[in-house]
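Positions are given from 1, in the same order as the sequence printed here. Counting convention: from 1, in listed order, for ligands and their atoms alike.
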Amino acid sequence: MGRVICAGLGPGDPELMSLKAARTIGAARHVAYFRKEGRPGQARQIVEGMLHPAAIEYPMEYPVTTELPFDSPDYTDALARFYDDWASRLAALAASEDVVVLCEGDPFFYGSFMHLHSRLQGRVAVEVIPGITGMTGCWTATGTPITWGDDVLTVLMGTLPEDDLVRHMQQADALVVMKTGRNLPRVRRALERAGRLDQAWLVERGTMPNQRVARLAEVDPTDCPYFAIVLVHGHGRRPEIHE
Ligand SMILES: C[C@@]1(CC(=O)O)C2=NC(=C\c3[nH]c(c(CCC(=O)O)c3CC(=O)O)Cc3[nH]c(c(CC(=O)O)c3CCC(=O)O)/C=C3\N/C(=C\2)[C@@H](CCC(=O)O)[C@]3(C)CC(=O)O)/[C@H]1CCC(=O)O
Ligand SMILES: C[S@@+](CC[C@H](N)C(=O)[O-])C[C@H]1O[C@@H](n2cnc3c(N)ncnc32)[C@H](O)[C@@H]1O
């Protein structure tokens, strides 16, 4: 009996992977990972040069990402069938041998693996190796701490409606907005309405080779990759510096 093991890979720099993830990936004979059709896949790129020479690869290509509205029935149906199909294929493989699924960041933090995890329950043994989240890599890239004292950190998705974004942004101390991508113009408008735009940073591809860190007010919001995060640092309670 094998297992399905999901390895969290951290935010992008392979050096930020756990020893357990690295050891598991190097030993794996079956390696699956998500990717957009026609792209190398972020998770696969992180493990370049680490796979066992005999490893068999299983790219799991999304049927759609932005081609259909994500709240339409066609999108939901296409993804449900895609996850059902891959859950069955991984369960069949794991009947005899371990299968390692690669996941950028931490698997249980908005990770695509969660859709397989729920479908695999009761069918096969599943293990998850945690990873450093993308947002951790991003706030470290800004060189400034994200939360102090009793700051409340709010994590928002750029896919939310603008009024919901504004409401949460007004209440937040420190702020993380994920899934910016094509949603960045709406996120920028919401920050402006909440009076937080001047403090906001955009981190594209945090800890990856082509990382970019910029003040959000100074970038073109219509040109933003999927792997990008907006941050507002907290300024909470802390002892004064005496020198
Ligand atoms: C529809 C949309 C809405 C939304 O985010 O809610 C959405 N993906 C969008 C865009 C998009 N996704 C990708 C690219 C190309 C990136 C590139 O190649 O550059 C682009 C942009 C593009 O196509 O231009 C690839 C991709 N997607 C995921 C990963 C894995 C990962 O990140 O771990 C990777 C990297 C694969 C790789 O490594 O290659 C994961 C997820 N994406 C989901 C949804 C969740 C499915 C939930 C469900 O089942 O319904 C899920 C499972 C998890 C989640 O997000 O909760 C959103 C539209 C936002 C917008 O409008 O911009
Ligand atoms: C589906 S979520 C996956 C999150 C992942 N499991 C994690 O722990 O960070 C994808 C979103 O995470 C964010 N993200 C993840 N890693 C990133 C990185 N290295 N740089 C910038 N954004 C990142 C982006 O906002 C992207 O749209």
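- In terms of polar-atom proximity, defined here as any N/O pair under 3.5 Å, Val177 makes no such contact with ligand 2.
- Per-residue contacts place Gly134 under 4.0 angstrom from the following atoms of ligand 2 (heavy atoms of the residue considered): 7 (C), 8 (O), 9 (O), 15 (C), 16 (N), 17 (C).
- Annotation for ligand 2: atoms under 4.0 Å from non-hydrogen atoms of Asp106 are 6 (N), 7 (C), 8 (O).
- A salt bridge (Lys or Arg N to Asp or Glu O under 4.0 Å) check over residues 13-27, counting only residues at least two apart or in different chains, returns nothing.
- Distances below 4.0 Å separate heavy atoms of Cys138 from the following atoms of ligand 2: 20 (N), 21 (C).
- Using modelled atom types and a 3.5 Å distance limit, the side chains of Tyr83 and Ser118 yield no donor-acceptor pair.
- Gly12 does not count as a contact of ligand 2, since none of its heavy atoms falls under 4.0 Å from the ligand.
- Neither the backbone nor the side chain of Glu204 has any atom closer than 4.0 Å to an atom of ligand 2 (non-hydrogen atoms only).
- Proximity to Ala228 (heavy-atom distance under 4.0 Å) selects the following atoms of ligand 2: 21 (C), 22 (N), 24 (C), 25 (O).
- Atoms of ligand 2 lying under 4.0 Å from any heavy atom of Arg205, numbered from 1 in the order shown and given with element: 20 (N), 21 (C).
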Name the atoms and distances for all side-chain donor-acceptor pairs under 3.5 Å in residues 25-33, with sequence neighbours left out.
unit_1 : atom_1 : unit_2 : atom_2 : d
Arg29  : NH1    : Ala27  : O      : 3.0
Arg29  : NH1    : His52  : NE2    : 3.3
Arg29  : NH2    : His52  : NE2    : 3.3
His30  : ND1    : Tyr58  : OH     : 2.7
His30  : NE2    : Glu97  : OE1    : 3.0
Tyr33  : OH     : Glu57  : OE1    : 2.7

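- Residue contact annotation: Thr207 has no non-hydrogen atom under 4.0 Å from ligand 2.
- Taking every heavy atom of Gly105 and a limit of under 4.0 angstrom, the matching atoms of ligand 2 come to 7 (C), 8 (O).
- With hydrogens and angles left out, the side-chain atoms of Thr159 and Lys179 include no donor and acceptor closer than 3.5 Å.
- Judged by distance alone, the side chains of Ser72 and Asp74 never bring a donor and an acceptor atom under 3.5 Å apart.
- Distances below 4.0 Å separate heavy atoms of Met178 from the following atoms of ligand 2: 4 (C), 11 (C), 12 (O), 25 (O).
- Near Tyr110, meaning under 4.0 Å from any of its heavy atoms, are these atoms of ligand 2: 1 (C), 2 (S), 3 (C).
- Close N/O approach between Lys179 and ligand 2 is found [any backbone or side-chain N/O within under 3.5 Å].
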